[in-house]
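Here the structure comes first, spelled out in structure tokens, and everything after it is commentary.
These values consider heavy atoms only, across backbone and side chains, with no hydrogens, waters or symmetry-generated copies. All values derive from a computational prediction rather than experimental measurement.
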Amino acid sequence: MFFALLAALLTQAPVTLPQLTGQHCSSSGWCAVLPAPLYPGLVAARGDTVVTHGVRSGVVMLGRAGAWRDTLDTGLGPLRRLMLTDAPGGALWLFACDSVRCVRAKVDDRFGALALVPDSELPVIPPEPEAREPRPGARFFLEEQRLTVESGGQRRTPPAVEGTQFAKELDVLFGGGPGEPLWLYRAYETARLTVTREHPLGKLERFFLARCPHGVTLLGAPERPFAVCDELGTHSLHRFNGERWQALTTELEWASPDLGFVQVGGGCAPCFLSSKRLLWRAQGGSWRTVDLPALASTAQEGHHHPERASIDARGLPEVVSQHGTWRHDGAHWRRVGRPSETAPSVEASLQAREQCNATGCLRAGDAHWSPDGKSWQPLRLPLAEPGTELALAQEDKDFVRYGQGKDSDCAAALEGGEFAFVFNAMLVRGTPEKGWRTERLPMGYACHFTEGPEGLYLWNPFLKILMFQRKDAAPMPVPDETWATVSGVKARDVLRVREVPDWRSLEVATLAPGTSCVRELRRRTVARETWAEVLTEEGKRGWVNRRFLARARGPCSPQGGSARPP
């Protein structure tokens, strides 16, 4: 009987999310939780391959045939350009540019190594042709947002389009090259116009896409196009599979204009709560969701403001809101406790300006702290990760000038005594006494922290952004004056210093075995490999795989010099 009741509950679980793997994580150790990019700021597509980037970041994500294949931190600032072109052997070239540099990587099922590309070698984007000539020779034109076809020396509305909404005005026209279908978009609906021998002026087939209040961008191959749907504050990504539009961006369905938040502990690993529903990860990694209990019409407020949730050993949820404690028995919700008059609301907790831990108290927003909770003093935070600010356009520089009065997007006093701040797609954490370290995030606009036993969550319910970093993947500082020499590298080879801890990233320096001396600054575990951030004798700063370093005493240069601090 119990399993039958549990099955009734689980039938309300339309969301299927995978376990986190290395494919979802960038070299910073930060992972995007969903199986497709949550906020594709730029998208490039070719064939069944799509590459997107996290908004205001230099991280790119690869999808092929509807599956997420790889994630790569390019080391660039916020991207301005993203392109895919054909490469030898059936592979593709990816070109990515910020306001200063452009890089190129080969793409198949994964991203290859990055290389700098001068502007002169970037592919040229051809202008959009006025006339579109799908086989067998009909010529279509877009005139004042209306589609016409040339027939008998005259232009007129295609017969298949007459009487439809597409005859009045078009928002998007896509495809229509030789042998290609012509795609039309207007007000939440797409149509495919195909020229055949039976329909020389075009056969029209209509397909509902999604409600995209701010427009749609179509790209890729017209036979199997991709669609980027511009919604309010976010985007969704779709692909036409030959019969219908398939959503590639999976939504948690916990976002809500009222409130959404992430909770861990109490059987939640994690739980996502909004005023309408609860979603949680069950044992074994599967995901479950259920609508919150319906309220009587006499309730003063017509929806819940959840305070907390828990999942019992049987996998059944319990929720506490301003309307009481509710428990699910596998088929229905029932109230088992009265409303609490003293418990603070989650909304009030999220908006609290002061947070405290063993180090002291943090005043969110203006980066002030107090060791005793009484006297407040400003924190001097680092400007940016080395090299990052150079890659930003002038309009973006305000996002990284945190040490000069720029308010953070969000801040938190973490359990281990550290303070953490988010500025756009950069996270800064540390303490006033021990110093600060910066981390690149896969995307910007995250604005809330939740700390759990396994790691740290960063999220924004309105923009459907959710990132996670395991505790063992966070960058760890090393003791001052930690010195090392190159070890395990062949005599005629060199150890390459990379911009970010990834063998595919750009090279910033090389270290010769036996003679090179570096100072270690911090370490990070990436895909079970430990990387060390080092400072070379020439003042270059970057990452190397730590298995090629041997510990040394003091300044280890044969000349008696030492690697200078940044």
Does a side-chain heavy-atom distance below 4.5 Å link [X] with [Y]?
X    : Y    : value
D230 : C212 : no
V262 : H448 : no
V319 : P293 : no
S321 : H305 : no
T450 : F261 : no
D502 : W543 : no
W531 : R546 : no
T217 : V43  : no

Which atom pair, heavy atoms only, marks the closest approach of [X] to [Y]?
X    : Y    : answer
A474 : R429 : CB-NH2, 3.3 Å
K540 : A509 : CB-CB, 4.1 Å
S375 : S370 : O-OG, 2.8 Å
F111 : M61  : CZ-C, 4.0 Å
P442 : S26  : CG-OG, 4.2 Å
L122 : F95  : CD2-CD2, 3.8 Å

From [X] [atom1] over to [Y] [atom2], what is the distance, rounded to the nearest 0.5 angstrom?
X    : Y    : atom1 : atom2 : result
L458 : F468 : CG    : CZ    : 11.5 Å
L521 : E533 : CG    : CD    : 5.0 Å
T485 : L549 : OG1   : CG    : 7.5 Å
R363 : E354 : CZ    : CD    : 7.0 Å
L511 : F548 : CG    : CZ    : 12.0 Å
L414 : Q355 : CG    : CD    : 8.5 Å

*For atom CZ of R551, is the number of surrounding heavy atoms from other residues, nucleotides or ligands below 6.0 Å larger than 12?*
no
*Counting heavy atoms not belonging to D480, are there more than 12 under 6.0 Å from its CG?*
no
State whether the side chain of [X] and the backbone N or O of [Y] hold a donor-acceptor pair below 3.5 Å, judged by distance alone.
X    : Y    : value
E451 : E415 : yes
T325 : V320 : no
R335 : H323 : yes
E520 : T482 : no
E439 : P475 : no
S310 : G267 : no
Q469 : S28  : yes
T289 : L278 : yes
R547 : G488 : no
N424 : M426 : no

*For F449 and L427, what are the C-alpha separation, side-chain angles and deciding distance, and is it a side chain to side chain contact (heavy atoms under 4.5 Å, CB included)?*
CA-CA 11 Å; F449 287 91; L427 182 141; 3.9 Å; yes
*Taking atom types as modelled, is there a side-chain donor on E481 or W483 under 3.5 Å from an acceptor on the other?*
yes
*Between H304 and W326, how do the two ring planes meet: parallel, tilted or perpendicular, split at 30° and 60°?*
perpendicular
*Hey, what's the ring geometry for H24 with W68, parallel, tilted or perpendicular (30° and 60° as the breaks)?*
perpendicular
*For salt bridge (charged side-chain N to carboxylate O under 4.0 Å, His left out), just list the numbers for D291 and R277, CA-CA rounded to whole Å, side-chain angles, deciding distance to a tenth of an Å, and then say yes or no.*
CA-CA 4 Å; D291 291 338; R277 59 183 58 90; 3.7 Å; yes
_Chi angles and distances behind the side chain to side chain contact (heavy atoms under 4.5 Å, CB included) call for C361, W376_ = CA-CA 9 Å; C361 293; W376 294 90; 3.9 Å; yes
*List the steps, then state whether side chain to side chain contact (heavy atoms under 4.5 Å, CB included) holds for V60 with L79.*
CA-CA 9 Å; V60 292; L79 297 184; 3.7 Å; yes
*Report yes or no: is the SG-SG distance between C102 and C97 under 2.5 Å?*
yes
*Pick from L248, L62, L237: which one makes a side chain to side chain contact (heavy atoms under 4.5 Å, CB included) with T52?*
L237
_Of L116, L94, V117, the residue whose pairing with R104 passes side chain to side chain contact (heavy atoms under 4.5 Å, CB included)_ = V117
*Taking D73 as the fixed residue, which of R504, R524, R498, R440 is the one that meets the salt bridge (Lys or Arg N to Asp or Glu O under 4.0 Å) rule?*
R440
*asked:* Against E418, only a single residue in K471, K434, R437 fulfils salt bridge (Lys or Arg N to Asp or Glu O under 4.0 Å); can you say which?
replied: R437
*Would you check, one step at a time, whether the test side chain to side chain contact (heavy atoms under 4.5 Å, CB included) holds for F272 with W459?*
CA-CA 11 Å; F272 308 100; W459 48 279; over 6 Å; no
*Thinking salt bridges, do D472 and R470 make one under a 4.0 Å N-O criterion?*
yes
